[in-house]
Amino acid sequence: MKGICRFFQRFLHLILWLAGLTLIGYFQYYATEDIKPSKICQPITEVMFLKTHKTGSSTILNILYRFTEKHNLTMALPYGNEPHLGYPDSFHISYVEEFKTLGKKFNIMGNHLRFNWQQVRRIMPNNTFYFSILRHPALLLESSYVYFKNYAPAFRKSKDINDFLSSPWSYYNMTEKNNMHAKNNMWFDFGYNNNAEYDESYIQFVLNNIEEIFHLILIADFFDESMILLKDFLCWDLDDVIYFKMNARSQQTIQTLNPENKEKVKEWCALDWELYKHFNKSFWMKIQERMDLKTLYKEVELLQKRQNELMETCLLEETAIENHQIKDKNMKPFQGNTHIMGYNLKEDLDNKTLNICKKMTMPELQYTAHLYNSQFPFKKKKIFK
Ligand SMILES: Nc1ncnc2c1ncn2[C@@H]1O[C@H](COP(=O)(O)OS(=O)(=O)O)[C@@H](OP(=O)(O)O)[C@H]1O
């Protein structure tokens with residue numbers, strides 16, 4: 001009996017000793033890392049991104065496309081040769097290719113759509129992480145104005161953006177198609193009425209609704225900070241959120257609102273302004289809850305360092321270039337009604353590096369077609385238009 005007790009005592013000592021060693025090893029390992037992980041976690045692979053317009057959303061979609069390929073995931077893609085998920089119609093599952101066979105099995109969703117929770121939840125798994133991005137409404141309007149100049153009737157009729165803003169009601173007709181780009185575009189993209197009257201209880205109701213569904217709302221004006229917060233929420237690696245800026249306007253086409261009109265946007269797009277103010281505040285609160293500012297900016301610095309390294313490795317000019325300078329016509333981004341910048345790759349890259357660089361610079365429509373064709377090899381090829 002004594003022998004058995006001693007055996008168990010020794011066995012217990014051995015277990016305690018091994019547990020102690022593991023703990024010491026764990027703390028030593030993380031003490032030597034630059035950045036300590038806030039927690040040990042599993043990367044999230046079920047993600048829905050509401051791609052709002054002119055908010056840096058194509059840069060995020062490129063990140064999601066690369067993550068999808070890296071982990072061999074499935075993406076809810078626009079059906080047939082469509083570039084978007086039915087926008088500006090309210091989203092319906094039939095806008096997704098193979099929704100009947102793959103519904104609830106998709107991992108990632110992120111193409112342009114007008115949000116409709118009842119439909120989206122029918123095709124995405126129940127544990128999906130929902131996020132989106134907002135931008136200051138004045139900067140967004142500047143960007144939309146040139147991009148949608150001939151597409152939105154309200155813009156088409158005005159001389160320039162300051163002319164439009166000086167008397168918006170003389171150009172804006174709420175019954176005309178495609179005018180959502182001219183007034184409260186983010187509110188519209190979230191699925192709400194962009195022409196609704198300003199009403200505090202209605203606004204509060206919408207903000208509460210969005211908060212109930214979306215786990216995270218990023219802010220384009222703090223893009224790199226947003227990437228760090230996103231990677232923290234998703235438990236992704238820093239490399240997963242390194243990006244090259246997509247869809248930037250050429251310098252020559254930039255029209256800037258004068259200070260008076262910049263202020264006026266807060267009234268003209270009052271619903272978007274409330275949305276932005278609310279989620280800008282909650283963005284910084286979420287950062288505070290999850291990390292201190294020192295850690296945040298250390299990670300931002302690492303992200304920018306890695307981004308610069310990749311720009312040097314990949315890009316012929318080491319920066320974005322004008323559309324007419326892009327050598328490979330298959331790598332030209334869709335131009336809207338303006339001039340959108342793109343990239344030239346270096347010519348002597350090895351295959352592995354070339355693949356990384358190509359995917360980081362591939363414009364949205366081309367990448368959508370590429371993913372579609374590899375996800376649905378037996379369907380008619382999607383071609384980018
Ligand atoms: N990383 C980063 N940081 C800050 N801003 C960024 C970033 N990436 C894209 N952008 C700017 O976002 C604008 C394009 O937005 P979208 O890609 O959402 O446009 S679209 O709706 O898909 O056409 C476009 O804005 P403008 O240049 O003002 O037009 C891009 O320059």
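Counting convention: from 1, in listed order, for ligands and their atoms alike. Keep in mind it's a predicted model, so treat the numbers as computed, not measured.
In this structure, Arg290 forms a cation-pi arrangement with Phe233, its terminal cationic atom sitting closer than 6.0 Å to the ring centre and no more than 45° off the ring axis. Both tests pass for Lys54 against the ring of Tyr147: distance under 6.0 Å to the centre and angle within 45° of the axis.
Contact annotation: for Thr52 versus ligand 1, heavy atoms closer than 4.0 Å belong to the backbone alone.
In this structure, Phe214 and Tyr130 have perpendicular ring planes: the angle between them is above 60°, well past the 30° mark. Using bins of under 30°, 30° to 60° and over 60° for the plane-to-plane angle, the ring pair Trp117/Phe115 lands in the parallel bin. A perpendicular orientation is assigned to the rings of Phe222 and Trp284, their planes being inclined by more than 60° (bins at 30° and 60°).
Taking only non-hydrogen atoms, the option from Lys51, Arg249, Gln307 nearest to atom 27 (O) of ligand 1 is Arg249. For atom 5 (N) of ligand 1, the candidate residues are Glu364, Met246, Lys245; the nearest heavy-atom contact is made by Lys245. Checking His181, Arg135, His112 against atom 13 (C) of ligand 1, the nearest heavy atom belongs to Arg135.
Protein heavy atom at the shortest distance from atom 18 (O) of ligand 1 is Ser57 OG, 2.6 Å. The protein heavy-atom contact nearest to atom 21 (O) of ligand 1 is Lys54 N, 2.9 Å. Nearest protein heavy-atom neighbour of atom 17 (O) of ligand 1: Ser58 OG, 2.6 Å. Among all non-hydrogen protein atoms, the one lying nearest atom 8 (N) of ligand 1 is Thr59 OG1, 2.8 Å. Looking only at protein heavy atoms, the nearest one to atom 20 (S) of ligand 1 is Asn247 ND2, 3.6 Å. Closest protein heavy atom to atom 15 (O) of ligand 1: Gly56 N, 3.0 Å. The nearest protein atom to atom 31 (O) of ligand 1, hydrogens excluded, is given as Ala248 CA, 3.3 Å; this is a heavy-atom distance.
Close approach of ligand 1 to Tyr147 is summarised as follows: ligand atoms under 4.0 Å from at least one heavy atom of the residue are 23 (O).
By the 4.0 Å heavy-atom criterion, Glu142 is excluded from the residues contacting ligand 1. Residue Tyr243 places a heavy atom under 4.0 Å from ligand 1.
Side chain to side chain, Tyr171 and Asn179 fail the donor-acceptor criterion of an N or O pair below 3.5 Å. A donor and an acceptor atom, one from each side chain of Asn308 and Gln304, are nowhere located under 3.5 Å apart. With no hydrogens or angles considered, no side-chain donor-acceptor pair links Tyr192 and Asn184 at under 3.5 Å.
Both Tyr297 and Ile228 are members of a single hydrophobic cluster when ILVMFWY side chains are connected at heavy-atom separations under 4.5 Å.
Polar contact with ligand 1: absent for His53 (N/O pair, distance under 3.5 Å).
Taking a 6.0 Å sphere around NE2 of His339, one finds it holds 12 or fewer heavy atoms contributed by other residues, nucleotides or ligands.
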